[in-house]
Amino acid sequence: MKFLAFSTSLALTLSFSPSLALPAGSSDAGEWKTPGEGDDRGPCPMLNTLANHGYLPRNGRGISKDMAIKALDEVLNWDVTVVSDLYDFAQPTNPEPNATTINLKELTTHNILEHDASLSRQDSQFGPADVFNEKIWNETVAHFTGDTINVDMATKARTDRTVAAAATNALFTFPQLGMNFQYGETAAYQFVFGEWNLDSEDVKSRILTPKTYIEYFFKNERLPIELGWKKPVNRLVMDTLQAFTISMMELAQSQMEEKA
Ligand code: HEM
Ligand SMILES: *[C@@H]1O[C@H](CO)[C@@H](O)[C@H](O)[C@H]1NC(C)=O
Ligand SMILES: *[C@@H]1O[C@H](CO)[C@@H](O)[C@H](O)[C@H]1NC(C)=O
Ligand SMILES: [Mg+2]
């Protein structure tokens with residue numbers, strides 16, 4: 001398998017100008033609640049989590065770019081250079097003409113952003129690709145063989161899931177965007193929940209992530225605050241995300257070469 005270079009569109013210069021009127025997700029923002037009847041959720045465990053905490057609308061609908069930028073800035077310390085591009089990739093999932101909002105459920109539209117071989121979801125061929133799937137997740141967690149998830153384990157978990165899905169799903173597809181995004185998503189959870197040591201010479205220890213945080217987050221779609229997690233002190237900008245994601249893709253290559 002050959003990994004394609006990270007999409008250059010992710011590195012495009014931004015033409016975003018910040019707006020002043022940033023809407024709050026909800027008046028009880030912060031408090032975690034299970035989604036109520038009629039509330040929609042989707043395939044992204046983090047956007048679901050932010051909706052469960054009321055940092056995004058609890059109904060999971062009508063999320064504007066400003067809302068996404070504000071929530072990811074305030075809660076996760078993610079920079080607009082990352083969020084603006086991510087949001088733009090998601091915008092076409094809203095089928096309304098000229099839509100300026102996204103809906104979590106519509107993110108599930110296959111092969112816009114939602115892709116096969118998710119870490120915690122089944123492939124759309126087998127059933128709903130938006131909801132947490134314990135069987136798939138257990139296969140992922142089996143790769144986390146200690147209390148700390150290092151970059152080696154996270155990368156291997158990512159690659160093995162793709163290999164398994166390709167082998168079991170006759171309709172398996174992986175468009176280039178999904179190919180790039182899958183490693184970006186694995187980078188994302190490490191950046192949010194792990195300890196950064198990005199200058200470390202050994203790529204495997206550049207982020208070290210408590211396994212308990214990751215299990216709690218994926219299973220409950222809740223920030224692991226009661227386990228001690230705090231908002232990252234370092235701001236995530238696109239260059240950092242991109243460099244780390246590329247280093248994971250290179251690591252994946254070498255893991256596969258070792259195996260061959
Ligand atoms: C505007 C921002 C975002 C958008 C539009 C977005 C969208 C998506 C979509 C459509 C998926 C489904 C892909 C699939 O697995 O089939 C996904 C997965 C994922 N997202 Fe997000 N996301 C955003 C922000 C974040 C952030 C801030 C995090 C931080 C942890 C995150 C973490 C993940 C992870 C870990 C997955 C993979 C889930 C799995 O493989 O089961 N996302 N995202
Ligand atoms: C969408 O935008 C295009 C181009 O600006 C415009 O011509 C069209 O009328 C708009 N459609 C709707 C439904 O607003
Ligand atoms: C997943 O793992 C947990 C913990 O080991 C176990 O209790 C559960 O039965 C497993 N679920 C499935 C669907 O395999
Ligand atoms: Mg998927």
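Both counts, for ligands and for their atoms, begin at 1 and track the order of listing.
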Check: Do any of the N/O/S atoms of S124, backbone or side chain, fall under 2.8 Å from the Mg ion (ligand 4)?
Finding: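 No N, O or S atom of S124 is closer than 2.8 Å to the Mg ion (ligand 4), so no.
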Just to confirm, does any protein heavy atom lie below 4.0 Å from [atom]?
{"atom": "atom 5 (O) of ligand 2", "answer": "no"}
{"atom": "atom 14 (O) of ligand 3", "answer": "yes"}
{"atom": "atom 11 (N) of ligand 2", "answer": "yes"}
{"atom": "atom 2 (O) of ligand 3", "answer": "yes"}

Next item on the list: In sequence, state the C-alpha distance, the side-chain angles, and the governing distance for D79 and T81, and then conclude on side chain to side chain donor-acceptor pair (under 3.5 Å).
Entry: CA-CA 5 Å; D79 190 68; T81 51; 2.6 Å; yes
Item checked: The single option from Y216, F193, F217 passing ring-ring contact (aromatic ring centres under 6.0 Å, His included) against W229 ->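 Of the listed options, the one satisfying the test is F193.
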Notebook entry, point to check: For residues K65 and T100, is any side-chain donor paired with an opposing acceptor at under 3.5 Å?
Noted result: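 Note: K65 and T100 side chains miss the donor-acceptor criterion.
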Notebook entry, point to check: Without hydrogens or angle criteria, can the side chains of R61 and N103 be said to hold a donor-acceptor pair below 3.5 Å?
Noted result: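 Result is no, nothing qualifies.
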Next item on the list: Check the pair T162, Q182 against side chain to side chain donor-acceptor pair (under 3.5 Å), reporting the backbone distance first and the verdict last.
Entry: CA-CA 9 Å; T162 304; Q182 59 165 342; 2.8 Å; yes
Next item on the list: Could you please spell out the steps behind the ring pair (Phe, Tyr, Trp, His ring centres under 6.0 Å) verdict for F244 and F191?
Entry: CA-CA 10 Å; F244 183 73; F191 276 120; 5.0 Å; yes
Notebook entry, point to check: By number and element, which atoms of ligand 3 are closer than 4.0 Å to a non-hydrogen atom of N138?
Noted result: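 So the answer, numbered in order with elements, is 1 (C), 2 (O), 3 (C), 8 (C), 10 (C), 11 (N), 12 (C), 14 (O).
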Note to self: Donor-acceptor pair, distance only, cut-off 3.5 Å: does the side chain of Q91 make one with the backbone of T101?
What the structure shows: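 Yes: the side chain of Q91 pairs with the backbone of T101.
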Notebook entry, point to check: Which N, O or S atom name in E114 marks its closest approach to the Mg ion (ligand 4)?
Noted result: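 That would be atom OE2.
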Notebook entry, point to check: With the Mg ion (ligand 4) as the point of reference, which N/O/S atom of H115 is the closest?
Noted result: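 Result for H115 and the Mg ion (ligand 4): O.
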Check: Quick one: nearest non-hydrogen protein atom to atom 9 (O) of ligand 3, plus distance?
Finding: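 The protein heavy atom lying closest is E134 OE1, 4.2 Å.
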Item checked: Closest protein heavy atom (residue, atom, distance) for atom 8 (C) of ligand 2 ->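 Of every protein heavy atom, N98 ND2, 3.7 Å lies nearest to atom 8 (C) of ligand 2.
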Next item on the list: Output yes when the distance from some N or O of ligand 3 to some N or O of K135 is under 3.5 Å, and no in every other case.
Entry: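 No, there is no polar N/O contact under 3.5 Å.
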